[in-house]
Each structure stands twice: as structure tokens, then as C-alpha cells.
Amino acid sequence: MFPSSSDDDRPAGPSKDAGFFPKAPSLVGDARRAAESEEDEEPIEPVEVRRLLSLAIAGFGALLAIGLIFGAQTSGPGSARLPYATVVLGVQLLFILAWTMATRPPALPLVASVAVGTALAADAAAVLPKVGGLMPLVWVAIGGFLIGLVGQLFRGQDRVRVRESFFSTLVIVLGVVAFAMLIVLTRRPAGTQAIVVCLGAAGVALVVARALDSVFAWPRLEPQVPRGGLGVVLGTMIGTGVAALIGSYQVGFNPGNAAIVGLVAAGAASLVDLASDYSEAGRQLAGDAPTMWIARHMQGPLGGFALAAPATYLMSVMFLT
């Protein structure tokens, strides 16, 4: 009486076999394909470490340390500060050359001109006041940075790249002002001794790291960066030991606190020096045009001492006040 139901009379609909339930991804297959793709990739060839170039950079770092340390010994009251200010100005000009050519900010001539003016103003603010202090340098740094950015806003072709130039302008302006802090430091009690201890440690750290890279650049931190981790670590350790040794002969220091301030200065200089090699490798991988040969190799030591200078001032305030 009642029609029998059959498979043909059932409502048509998606069945399990027809793909109603999506098929789960095969994790094993994905892992196999990822492994095969990794095998297909060619290994990255490490960049060759140029030994003579590493030694040349080490020599340049040694010259910077000698000039800044022995120049501080000539500083005295009044006009006697001018010889050391001249030495610092020379280092500032080298810093501007190296970092503007390396970072290539928009409106490069404008940024370089503002940086030179900032260097002159910072040195004057460190030499001329009757009482040396950091506030004049702070105002000079703020003024130089704002002038650099505002100047680019009036250039139509560079206005769209203001964000890109923010970091470059800030680093260059702060770098030249940081070197002027050494002049202010010579006006503090035992400030010259702090320069000897801290910049001596920073110089030794840079020289040892670069010299060791020329012989044994191991372990390679990155294939594209021609530096070894052993040189950076040993350089910082030896620089700290040298600071402790120098501190035992300096008034206001002892081996303990000299080792601490030396470690800070040496570590700061080594990190900036290493970071400059990373930034140069990044620019090359990005396909940017190569910068001036001598400028990009001076960038690391100059940047290292630029950071070591405020670290020296800070350590002198903490341990010699």
C-alpha cells in the first residue's frame, strides 16, 4: 500500500563521500614539502672577511682613542679649552661625513650643513659658559634637529620622505652633540681621568675586536656580516681589564669602579660598531647604491665613540660625584 523507500527516492543532498566535510590538511605532506623546498634553496655564501681592511679599521679606532684621550690632557681653563675643542670638531666632521654618506638621508647637503652648524654650536656651548653643563647642549641638539626637519619640509621633493629622514637626522645631530660632551666633561672634577679610563676601554675593545676578526672571524654572526662574535666578546672583556688597570693609577678611581665604567663604555662602543656592519649589510641586500668606500668603514668606530662619550659622562656623574 505504501511505496517502499529506496535509495533513488531519497532527497538529493551532499554526502560525506561527495565532499561535504572538508578534507583535513595533511600535516605530514606539508612538512615534507617544506623540507623539500628548504633542500632546494641554495646555502648563503658567507661574505669574505678582508683582513687588511679589518686591520685598517682597527688602526683608525686606535687613532681616534689616542686623539680624544691625549687631547683631553691639553684642556684647561678659559682659552686653554680651544685645542681640545679643535680636536673634537675634527672628529665631529668625520662623523658627519661617515654617517651622512652611509645613511643617505633625503636632502643630504641640507642635513650635512645643519649637522656642521650643530657641531660648531655644541662646541661653543661647551667652551664659552662660565659653568659647564649639559643643558646648553640639550638646547643645541633640539634646535639642530628641528632645523633639519623644517628645512626638508620646504623642499617639495623631500617632503614625502620626512619620516624616512627622521631617524637619520636624529642620529647625526645627537652624534655630534655627544662628542661635545667630552669638552664639558673636562670641566668636571676628575672628568679628564674618566675620559682616559672609559675611552681607553672603548678604544681597546674596538681594536681587539677588529684585529681578531682579521685573523679568526668566528663564530660568524651572520653570513652577510664580516664579523665574528669572539672578537666582540674578547674585545669588551680586554677593554674592561685595561680600564681596571688604568683606574688603579687614576685619581678618583679604583680597579673596581674603573672596571664597571670601562665595561659600559667598551660594551657601548662594540655594539654600535657591530650594528654599523649590520646596517651596511642590510643596505647591500636591499640593493641600495654603495656609499663612499672610506666613509662606510669609518662609520663603526666613529659611532662607537659617539655613544661611549655620553656613557663616559654618565659614569663619571655616578661614580665621581
Side-chain angles (χ1 to χ4, degrees), residues 63-100 109-151 169-200 202 250-252 261 265 268 302-321:
L63 290 177
L64 282 176
I66 292 172
L68 292 173
I69 290 173
F70 285 93
Q73 310 301 317
T74 65
S75 183
S79 60
R81 300 188 186 99
L82 292 178
Y84 190 46
T86 304
V87 173
V88 171
L89 179 60
V91 177
Q92 288 170 321
L93 294 178
L94 290 176
F95 178 86
I96 294 170
L97 171 65
W99 280 77
T100 52
L110 173 64
V111 175
S113 301
V114 171
V116 172
T118 303
L120 293 172
D123 294 345
V127 171
L128 296 179
K130 293 183 179 180
V131 179
L134 288 185
M135 283 311 299
L137 298 184
V138 172
W139 290 116
V140 169
I142 295 174
F145 175 68
L146 293 178
I147 291 173
L149 285 186
V150 171
T169 306
L170 181 64
V171 168
I172 295 171
V173 168
L174 291 181
V176 296
V177 173
F179 282 112
M181 295 175 66
L182 296 175
I183 304 175
V184 179
L185 189 56
T186 59
R187 306 180 63 174
R188 291 182 55 86
T192 302
Q193 289 85 340
I195 292 176
V196 175
V197 172
C198 293
L199 296 193
Q250 296 290 328
V251 176
V261 300
L302 286 167
F305 281 105
L307 186 58
T312 301
Y313 193 96
L314 178 62
M315 291 296 102
S316 69
V317 171
M318 292 178 60
F319 288 92
L320 302 179
T321 301

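Positions are given from 1, in the same order as the sequence printed here. Given the structure is predicted, the values throughout are model-derived calculations rather than measurements.
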Taken to the nearest 0.5 Å, the spacing of Leu320 CG from Gln193 CD works out to 8.0 Å
Closest non-hydrogen contact found for Ala119 with Gln92 is CB-OE1, 3.6 Å
Leu199 CG to Ile66 CD1 distance, which is reported to the nearest 0.5 Å:
12.0 Å
Measure the spacing between CZ of Phe305 and CG of Leu94 and express it to the nearest 0.5 Å.
12.5 Å
Which heavy-atom pair separates Ala265 from Ala202 by the least distance, and what is that distance?
O-CB, 4.0 Å
When you look at Val317 and Arg188, which way does the side chain to side chain contact (heavy atoms under 4.5 Å, CB included) test go after all the steps?
CA-CA 9 Å; Val317 171; Arg188 291 182 55 86; 4.0 Å; yes
I need the single residue from Leu182, Leu64, Ile96, Val176 that forms a side chain to side chain contact (heavy atoms under 4.5 Å, CB included) with Val91. Which is it?
Leu64
Restricting to pairs with a member in residues 120-145, which pass ring pair (Phe, Tyr, Trp, His ring centres under 6.0 Å), not counting sequence neighbours?
Phe145-Phe166
Side chain to side chain contact (heavy atoms under 4.5 Å, CB included) between Val196 and Gln73, intermediate numbers included:
CA-CA 9 Å; Val196 175; Gln73 310 301 317; 3.2 Å; yes
Criterion side chain to side chain contact (heavy atoms under 4.5 Å, CB included) on Val116 and Leu93, from CA distance to verdict:
CA-CA 7 Å; Val116 172; Leu93 294 178; 4.1 Å; yes
On a heavy-atom basis, the closest approach of Leu110 and Gly148 is CD2-O, 4.2 Å
Partner residues of Ala72 under the side-chain contact (heavy atoms from CB on, under 4.5 Å) criterion, sequence neighbours left out:
Tyr84, Thr186, Thr192, Ile195
Kindly state each residue pair satisfying ring pair (Phe, Tyr, Trp, His ring centres under 6.0 Å) with at least one member in residues 115-138, sequence neighbours excluded.
none
Quick one: CD1 on Ile142 to CD1 on Ile147, what's the gap to the nearest 0.5 Å?
12.0 Å
